[in-house]
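Here the structure is laid out as structure tokens; the discussion comes afterwards.
Computation of the quantities below employed the complete heavy-atom set of this structure, encompassing side-chain atoms and omitting hydrogens, waters and symmetry-equivalent molecules. What you are looking at is a predicted structure, and each value in this text was computed from that prediction instead of being measured.
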Amino acid sequence: MYLYPMNFRLPPSEKLKSSKTIAQIFDEGKSFSKFPIKFIFIPLENTQKTRAAFAVPKRNFKFAVTRNRIKRQLREVYRLQKPHYLLNSGKNFALLILFVGKDKPQYAQLEKSMIALLKKLEDENS
């Protein structure tokens, strides 16, 4: 069914940390949105893995505890869904996953939105 064995990890090599790349994403990136998540991405030519960063705006959530919890939930949903959509594709992306909601999310809502956006990204890849 899958070309690769299932790998549900999110190793450091798949985390987007480069400030230059993040700035480039904001300048040149395309975006998809499905409430409460927004994907901003650019294709990467010289890497072998899709890299992802997660952000929650301080404007909407004043307490760091709340922002960190939402980021943890986003990472978990992404980590569990990426093998189904991103591993079988040929292209790799630098991906910024932005939470745009104003209230604390339910995990099921995040999962539904993440699946829809990963499918859209996979279609963009084809």
Connected via hydrophobic side-chain network under 4.5 Å: Leu74 and Leu98: no
Phe93 ring center near Phe39 ring center (under 6.0 Å): no
Separation of Met114 CE from Gln73 CD (nearest 0.5 Å): 10.5 Å
Minimum heavy-atom distance between Asn92 and Gln48, given as atom pair plus value: ND2-C, 3.3 Å
Aromatic centroids of Tyr78 and Phe54 separated by under 6.0 Å: yes
Atom pair NZ/CD of Lys71 and Glu76 - distance to nearest 0.5 Å: 16.0 Å
Candidate pair Lys104 and Thr66, rule side chain to side chain contact (heavy atoms under 4.5 Å, CB included), full reasoning: CA-CA 8 Å; Lys104 292 181 188 177; Thr66 309; 3.8 Å; yes
Side-chain heavy-atom pair Ser113, Leu110 within 4.5 angstrom cut-off: no
ILVMFWY cluster, Leu118 and Tyr107 together (side-chain gap under 4.5 Å): yes
Side chain to side chain contact (heavy atoms under 4.5 Å, CB included) between Leu16 and Thr21, worked out: CA-CA 8 Å; Leu16 180 60; Thr21 307; 3.8 Å; yes
Co-membership, hydrophobic cluster, residues Leu96 and Val77, 4.5 Å side-chain: no
Within 6.0 Å of CG in Asp27, more than 12 heavy atoms from elsewhere: yes
Distance (rounded to the nearest 0.5 Å) between Ile25 CD1 and Lys20 NZ: 14.5 Å
Separation of Leu117 CG from Lys34 NZ (nearest 0.5 Å): 8.0 Å
Contact summary for Ile37 and Val100, nearest pair of heavy atoms: N-CG2, 4.2 Å
CZ-OG distance between Arg51 and Ser13, expressed to the nearest 0.5 angstrom: 6.5 Å
Backbone of Arg9 reached by a side-chain donor or acceptor of Lys82 within 3.5 Å: yes
For the student: nearest non-hydrogen atoms of Phe41 and Leu95, plus distance: CB-CD1, 3.9 Å
Value rounded to 0.5 Å, distance of NZ in Lys49 from CG in Leu10: 10.0 Å
Sub-4.5 Å side-chain heavy-atom contact between Lys102 and Pro36: no
Residue pair Val56 / Arg67: nearest heavy atoms and the distance that separates them: O-CD, 3.6 Å
Least distance between heavy atoms, Ile40 atom then Ser31 atom: CG1-CB, 4.0 Å
From CA spacing to verdict: side chain to side chain contact (heavy atoms under 4.5 Å, CB included), Leu121, Tyr85: CA-CA 8 Å; Leu121 188 63; Tyr85 301 102; over 6 Å; no
Pairing of Glu122 and Lys119 as salt bridge, 4.0 angstrom limit: no
Criterion side chain to side chain contact (heavy atoms under 4.5 Å, CB included) on Gln24 and Ile42, from CA distance to verdict: CA-CA 8 Å; Gln24 187 179 9; Ile42 56 171; 3.7 Å; yes
Cluster overlap Ile22 with Phe32, hydrophobic side-chain contacts below 4.5 Å: no
